[in-house]
Amino acid sequence: MGKMTEAEVEAVFASIDTDGSGEIRLRELRDYGLANDGTLDGVKLADFVRAADTDGDRRISLTEFKSYFA
Ligand SMILES: [Ca+2]
Ligand SMILES: [Ca+2]
């Protein structure tokens with residue numbers, strides 16, 4: 001997976017966080033994945049959540065999202 005700039009990461013986050021809550025829930029990720037063949041840059045959604053959700057609340061904050069991609 002290639003590195004993205006901070007602005008690119010924020011844009012992707014915003015496109016997934018459709019309710020604008022500032023956290024990505026699995027449902028939002030699934031909705032996003034359905035439009036993108038079930039993957040996020042080739043990473044399976046379940047694997048992505050497991051890897052990116054560092055505090056284990058099953059939601060991905062912008063900080064966690066950035067940490068994963070930065
Ligand atoms: Ca959200
Ligand atoms: Ca989290």
Side-chain angles (χ1 to χ4, degrees):
M1 187 184 307
K3 300 283 187 182
M4 291 191 285
T5 68
E6 187 160 326
E8 286 170 339
V9 173
E10 288 178 358
V12 172
F13 186 91
S15 72
I16 300 172
D17 181 24
T18 49
D19 68 357
S21 67
E23 294 178 317
I24 292 172
R25 294 171 184 248
L26 186 55
R27 179 177 175 179
E28 290 173 322
L29 200 57
R30 283 203 181 114
D31 288 345
Y32 182 83
L34 285 175
N36 292 275
D37 299 327
T39 65
L40 185 69
D41 279 0
V43 179
K44 288 187 177 180
L45 299 180
D47 292 339
F48 170 72
V49 171
R50 192 176 303 119
D53 177 27
T54 51
D55 67 2
D57 66 357
R58 306 193 69 161
R59 301 176 191 176
I60 300 170
S61 66
L62 180 56
T63 300
E64 289 171 335
F65 197 79
K66 281 182 177 174
S67 296
Y68 182 83
F69 284 108

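In this chain, residues are counted from 1 in sequence order. Every number for a ligand or one of its atoms is a count from 1 in the order of the listing.
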Practice problem: Would you name the N/O/S atom of D57 that lies closest to the Ca ion (ligand 2)? | Solution: OD1
Exercise. Verify salt bridge (Lys or Arg N to Asp or Glu O under 4.0 Å) between K66 and E10, making sure each step is shown before the conclusion.
Key: CA-CA 8 Å; K66 281 182 177 174; E10 288 178 358; 2.9 Å; yes
Exercise. With the Ca ion (ligand 1) as the centre, enumerate protein N/O/S atoms below 3.0 Å in chain and residue order.
Key: D17 OD1, D19 OD1, S21 OG, E23 O, E28 OE1, E28 OE2
Quiz item: Tell me, which N, O or S atom in D53 is closest to the Ca ion (ligand 2)?
Solution: OD1
Quiz prompt | Atom of E64, atom of I60 and distance for their closest heavy-atom approach | solution = OE1-CA, 3.3 Å
Exercise. Working to the nearest 0.5 Å, report the span between CZ of R25 and CG of D17.
Key: 9.5 Å
Quiz item: V9 versus Y68: any side-chain heavy-atom pair under 4.5 Å?
Solution: no
Quiz prompt | Student check: side-chain heavy atoms of Y32 and I24 closer than 4.5 Å | solution = no
Quiz item: What pairs with T63 under side chain to side chain contact (heavy atoms under 4.5 Å, CB included), at least two apart in sequence or on another chain?
Solution: S61, S67
Quiz item: So which of the N, O or S atoms of D55 lies nearest the Ca ion (ligand 2)?
Solution: OD1
Exercise. Using a 4.5 Å cut-off on heavy atoms from C-beta on, say whether the side chain of T18 contacts that of D31.
Key: no
